[in-house]
Each structure stands twice: as C-alpha cells, then as structure tokens.
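Here the structure comes first, spelled out in structure tokens, and everything after it is commentary.
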Amino acid sequence: MEKLIITAALVGAEVTRQQTPFLPYSPREIAAEAKRVWDAGASIVHLHMRDASGNPSSDKTLFAETISYIRSETDLIIQVSTGGALGMTASQRIQPVTLAPEMASVSTGSVNFGKDVFSNPLPMVREFVRICNRHHVKPEIEVFDSSMVENALLLTQEGLLRPPLHFNFVLGVPGGMAATARNLLFLLQLIPQASTWTISGIGRHQLTMNALGILLAGHVRTGLEDNIFWRKGELAKGNAPFVERLVQLAGSLDRPVAAPHEAREILKLDDFAS
Ligand code: KMH
Ligand code: ZN
C-alpha cells in the first residue's frame, strides 16, 4: 500500500475555547500546533483562522502570518480552507487562495450543517476552482454528501478540475452523510480510479473512520476541527496526540506514514504547481 498521508485540521471554524481550552487561535498558537503535529508525523495542515476574539476569520493577513511561521519551521503542506465559516461571503472565503498555498479545500455542493446550511452554489464553486487553478493550488474536494462527487465529476468534464482528483470525505456532520463504512464504500465507487482520497470522521466517528481509511488504502484527517474528545468524556490535549495515535495504529497495521515530500509525490502536487 501507498504510504499514509495524515492531515491535521488544527482549529476549524465552529469549535470554541468554551468547548476545549486546547484550541489554538492566534497565528503563533496555530503555527506552534502545526510544528507539534509535524513532529508527530502529519504532512498536511488544514487551516482556518481566528481573529483576536477567537471568531472565525478568512483575513488574508492572518493566513499570511501563520503560513510564514509554519514555513519557517516545517516543510508541511499548507492547505487553506475555502469553506471558512457558515455565513461568510464567497469573497471572504476565497481570500487565502490568493496567497498560493499548495492546496485548498473546496466543497463542490451545498449541504445542511446542523441547523444551518453550508452554501456552495455551483457558479461560486466554479469561480473558486478557477482561482485555485490561476494560483496553482490543488483543490481537496471536500465531500459532505455524494452529490458533491457528482458535481466534481461535472467540473472535471468541463475542464475546470484537473485529474488526478483528490477527495476528502467528511462523514458525520449532522445534515450530511453519516459516518458509516457503507457510505464510505459507496463513495469510493463513485470516484475516478486514479483519484486519491482522505477520510474525516466527525466527533466520536473520527478514530473509527480513520481506521477504515488506513485499512482501505486511503489517507486520513484528524484534529480538533472534527473532534475534541480523546475518548468518551475526556478532552484531547491538543492535535498532536491524535496524530501520534494514528501513527501508532498505522504502524501496527504495517502502513508506513508519508513525510511531506512523499505526500507531495502521492498527491502529484509538483505536477500541479507547474
Ligand atoms: N466550516 C464549515 C462550514 C472546509 O474547511 O473546506 C466548512 C468547512 C469546510 O470547514
Ligand atoms: Zn475546514
């Protein structure tokens, strides 16, 4: 099997310090957390930003500052979020892509998200992908529902998304697809054969979905964006313990973990940048 790429989603937009004190907020805190997950074995960091009060922000200067700290200490692959937070405008959400990181998450459709709607109308998605292409940023297609795979295939036919595609199946958001093995196996039937894929499980489904990803030759995302609990009733003391646990699990299953330069090869990021 190919080496395992571990992505750490360090902070997200919806989790708060009221829920867990271990959430990094400032550029320095997020960069320090990035260094810890890199030391633990992650090769990608998925980034959201917070303003000084801890509110979600897509401010380009916050991203730029954080990315420069991370790059000064690690060779992590930087993946910015274009999902941002519920209620952000498209022009806010796309800002960090113009910094030309190596990757950006792009959801290719709308979905209920708890009591809200995560809105991604197709014309906006097309524009996001065009801007990614202009800045040589590889999209990670963030799939909360199977229709998002169908839309990604449509954008590929239109010549906007360029294969090999990379998907992240985010299962277990209330309103989206449930975190079940059956749903994952169904989604895997929909994607083109040359694609790469990652699995993220929300809340208590994080570890079980990650375990499936390791066994099924996919890649895995962990981190406080998706889950704040180490086990039932016990908060995780940051993102790095999650990564350490996955490295151990992968080792037990004879699946070596990819360093960032190996992840770049697996995801064909260098081809994408040229
Ligand atoms: N904050 C969620 C509404 C992404 O990063 O691309 C969307 C999200 C997806 O987090
Ligand atoms: Zn995100």
Side-chain angles (χ1 to χ4, degrees), residues 6-16 19 23-25 30 33-34 37 42 44-51 54-59 62-63 66-67 76-97 99 101-121 124-125 127-129 131-132 137-145 147-149 151-152 155 161 165-177 179 197-203 206 209 219-228 239 242:
I6 301 177
T7 300
L10 303 177
V11 48
E14 280 77 33
V15 183
T16 66
Q19 294 169 293
L23 207 60
Y25 273 173
I30 295 172
E33 194 71 348
V37 298
I44 303 178
V45 277
H46 170 78
L47 294 182
H48 290 250
M49 290 298 127
R50 301 297 178 106
D51 65 18
N55 297 314
S57 167
S58 266
D59 188 301
L62 287 175
F63 271 99
T66 308
I67 291 170
L76 280 161
I77 297 165
I78 307 283
Q79 180 191 100
V80 298
S81 168
T82 71
L86 297 165
M88 276 183 187
T89 63
S91 52
Q92 286 172 323
R93 286 168 51 183
I94 198 62
Q95 278 190 62
V97 173
L99 295 167
E102 284 172 276
M103 298 183 80
S105 62
V106 178
S107 280
T108 44
S110 302
V111 66
N112 282 354
F113 207 97
K115 59 180 175 28
D116 296 298
V117 175
F118 180 34
S119 180
N120 296 291
M124 184 198 85
V125 177
E127 190 55 19
F128 277 18
V129 174
I131 294 170
C132 284
V137 176
K138 177 149 180 166
E140 174 175 273
I141 302 157
E142 218 79 344
V143 171
F144 295 82
D145 185 83
S147 58
M148 298 187 189
V149 177
N151 287 340
L155 297 195
L161 282 171
L165 304 181
H166 177 65
F167 293 90
N168 175 25
F169 304 119
V170 186
L171 302 187
V173 170
M177 275 178 98
W197 60 275
T198 293
I199 176 80
S200 309
I202 300 300
Q206 183 169 68
M209 288 292 112
H219 303 284
V220 292
R221 176 172 111 170
T222 189
L224 295 172
E225 173 165 348
D226 299 336
N227 168 43
I228 60 173
N239 287 280
F242 285 140

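Throughout, numbering of the chain's residues begins at 1 and tracks the sequence. Remember, it's 1-based here, ligands and their atoms both numbered in the order they're listed. Values below: every heavy atom of this structure, side chains too, minus hydrogens, waters and symmetry copies.
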Fill in: Winner among Glu142, Arg93, Glu14, His48 once heavy atoms are compared against atom 8 (C) of ligand 1
His48
Discussion item. Minimum distance, heavy atoms only, to atom 5 (O) of ligand 1: which one of Gly114, Ser81, Gly87, Gly83 is it?
Written reply: Ser81
Starting from [atom], find the nearest protein heavy-atom neighbour and note its residue, name and distance.
atom: atom 7 (C) of ligand 1; value: Phe118 CZ, 3.6 Å
atom: atom 10 (O) of ligand 1; value: Glu225 OE2, 3.1 Å
atom: atom 6 (O) of ligand 1; value: Ser105 OG, 2.6 Å

Discussion item. To make sure I understand the geometry: which N, O or S atom in His48 is closest to the Zn ion (ligand 2)?
Written reply: NE2
Worksheet item: Can you say whether the rings of His166 and His219 are parallel (under 30°), tilted (30 to 60°) or perpendicular (over 60°)?
Response: tilted
Worksheet item: Between Phe118 and Phe113, what is the ring plane arrangement, given parallel below 30°, perpendicular above 60°, and tilted in between?
Response: perpendicular
N/O donor-acceptor pair under 3.5 Å between [X] side chain and [Y] backbone:
X: Glu33; Y: Asn239; answer: yes
X: Asn227; Y: Thr222; answer: no
X: Ser57; Y: Met49; answer: no

Discussion item. With a cutoff of 4.0 Å, is Gly84 in contact with ligand 1, counting heavy atoms of the residue only?
Written reply: yes
Fill in: Any N/O pair His46/ligand 1 closer than 3.5 Å
yes
Worksheet, complete the sentence: dist Thr108:OG1 -> Leu161:CG (nearest 0.5 Å) comes out at 7.5 Å
Discussion item. Give the atom numbers and elements of ligand 1 that come within less than 4.0 Å of a heavy atom of Leu86.
Written reply: 3 (C)
Worksheet item: Hey, is there an N, O or S on Glu142 sitting under 2.8 Å from the Zn ion (ligand 2)?
Response: no
Practice prompt. Can you see which heavy atom on Ser58 is nearest to which on Phe63, and at what distance?
Written response: CA-CE1, 3.8 Å
Worksheet entry | For the student: nearest non-hydrogen atoms of Arg50 and Val15, plus distance | NH2-O, 2.8 Å
Worksheet item: At the Zn ion (ligand 2), what's the angle from Glu225 OE2 to His46 NE2, rounded to 10 degrees?
Response: 120°
